[in-house]
Amino acid sequence: MSDIGSERGLVKKKLFASICCRTVKLPVIAEGGLRAPEDAYNAMAVGASAVLVNRSLFCYKDPMLFIEALKSAIKSGRLTFLCNRERKN
């Protein structure tokens with residue numbers, strides 16, 4: 001991720017993915033820099049267990065629309081991660 005409040009999104013995607021996919025299975029929560037639903041999608045797609053959003057919620061004119069988009073992005077990202085993990089080579 002990036003610094004808290006920076007709204008820069010997932011800056012080091014490969015590093016974050018390697019942390020999420022360690023052999024010791026601990027939940028990894030993506031927090032810091034999330035500004036849009038696609039940031040949540042990207043975090044979930046590489047293996048995050050959850051995302052934590054705070055400030056971004058207050059940056060939209062219609063926060064309820066943002067929440068709906070965020071929910072869809074999180075679900076889609078998780079499904080993408082699970083599908084990629086089960087892909088036949």
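Basis for what follows: all heavy atoms, side chains included, without hydrogens, waters or symmetry-related copies. Count residues from 1 along the sequence.
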Is any side-chain heavy atom of I74 closer than 4.5 Å to one of R78?
no
What's the separation between atom OH in Y41 and atom CZ in F81, rounded to the nearest 0.5 Å?
12.5 Å
same_hphob_cluster(M44, L82) at 4.5 Å side-chain heavy-atom cutoff
no
Can Y60 be reached from L34 by stepping across I, L, V, M, F, W or Y side chains whose heavy atoms are under 4.5 Å apart?
yes
Do L65 and V53 sit in the same hydrophobic cluster, where Ile, Leu, Val, Met, Phe, Trp and Tyr count as joined when their side-chain heavy atoms come under 4.5 Å apart?
no
Measure the OG1-CZ distance between T80 and R85 for me, rounded to the nearest 0.5 Å.
13.0 Å
Kindly compute the distance separating CD (E38) from CG (L70), expressed to the nearest 0.5 Å.
10.5 Å
Got a donor-acceptor contact below 3.5 angstrom from the D39 side chain to the A36 backbone?
yes
Within one Ile-Leu-Val-Met-Phe-Trp-Tyr cluster: I67 and V51, side-chain cutoff 4.5 Å:
yes
Examine distances only and state if a side-chain atom of S49 and a backbone atom of V28 form a donor-acceptor pair shorter than 3.5 Å.
yes
Can you list everything that forms a side-chain hydrogen bond (donor to acceptor under 3.5 Å, both in side chains) with N54? Sequence neighbours excluded, please.
none
From F66 atom CZ to R35 atom CZ, the distance as rounded to the nearest 0.5 Å
11.0 Å
